[in-house]
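So you know, we letter chains A, B, ... as the sequences are listed, proteins then strands, and number each from 1.
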Amino acid sequence: MTNQAIDNFKSQVFLILNNVPRGECIAYGELAALAGFPNHARQVGAMMKNLPKDTNLPWHRVVNARKRISFPENTEGYLRQKEKLEQEGWVIIGTKLAMKTD
DNA sequence: CGCCCGGCGTGTA
DNA sequence: CTACACGCCGGGC
């Protein structure tokens, strides 16, 4: 990965993520792939991890491929993400997102 | 260079 | 549902 690529990757991810409509969600891998870098799901996760808490990005709409919140239940991140998702109409059971399966 | 670990992914049991 | 396997890629040491 060249520095150039990293920048593209990041901006792409941000762009795409910012365009994920309310009520929808996307997987880390999807995001990476759409950004032009398949198999970089973990890298996306790393990014989410660095986002400031006051970010305006819909990071909560990012879930793993099994459509589950990628945080152990009852952890900070888990709770915050769950809240946001529920506010957007999702039904969450444990770490799993139900309904609106599209 | 190797080894381990992560907001991951897919398959199988 | 859990539990592994194996693949992937950066980062830290």
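Within 4.0 Å of A/G29, counting heavy atoms only, lie sugar-phosphate atoms of the nucleic acid but no base atom. Within the nucleic acid shown, A/V44 has no heavy atom closer than 4.0 Å to any nucleic acid atom. Note on A/R68: only backbone sugar-phosphate atoms sit closer than 4.0 angstrom, heavy atoms only; bases stay farther off. No contact: A/A32 has no heavy atom under 4.0 Å from any strand.
There is a path of hydrophobic side-chain contacts, each under 4.5 Å, that joins A/I6 to A/I16.
Here the straight-line distance linking atom CE of A/M47 with atom CZ of A/F14 works out to 3.5 Å at 0.5 Å rounding. Remark: A/R66 CZ to A/L97 CG distance equals 14.5 Å, nearest 0.5 Å. The CD1 atom of A/I92 lies 13.0 Å from the NZ atom of A/K67; values are rounded to the nearest 0.5 Å. Rounding to the nearest 0.5 angstrom, the gap separating the CG atom in A/L17 from the CG atom in A/L51 is 8.0 Å.
The same atom, P, is picked in C/dC13 and in B/dG7; the two are 16 Å apart, to the nearest Å. Rounded to a whole angstrom, the distance from the C1' atom of C/dG7 to that of B/dG6 is 15 Å. For the C1' atoms, the distance from B/dC1 to C/dG12 is 15 Å, rounded to whole Å.
Nearest heavy-atom pair across A/G77 and A/W59 is O-CH2, 4.4 Å.
Using modelled atom types, no side-chain atom of A/E88 and backbone atom of A/P21 make a donor-acceptor pair closer than 3.5 Å.
Where DNA chain C meets chain A (any atom under 4.0 Å from a heavy atom), the bounding nucleotides read 5' to 3' are C/dC1 to C/dG10. Read 5' to 3', the first and last nucleotides of DNA chain B with an atom closer than 4.0 Å to a heavy atom of chain A are B/dG6 to B/dG11.
Membership of an apolar cluster is not assigned to A/L15, as no side-chain contact below 4.5 Å to another ILVMFWY residue is traced.
With a 6.0 Å radius and a threshold of 12 heavy atoms from other residues, nucleotides or ligands, A/D7 has its CG atom above the threshold.
Considering only residues two or more places apart in sequence or on other chains, A/R68 meets the side chain to side chain donor-acceptor pair (under 3.5 Å) condition with A/T95. For A/R42, the side chain to side chain donor-acceptor pair (under 3.5 Å) test picks out no residue, with sequence neighbours left out.
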Its dot-bracket string being built from Watson-Crick and G-U pairs below 3.5 Å, with | for another strand and [ ] for crossing, DNA chain C has the pattern .||||||.|||||

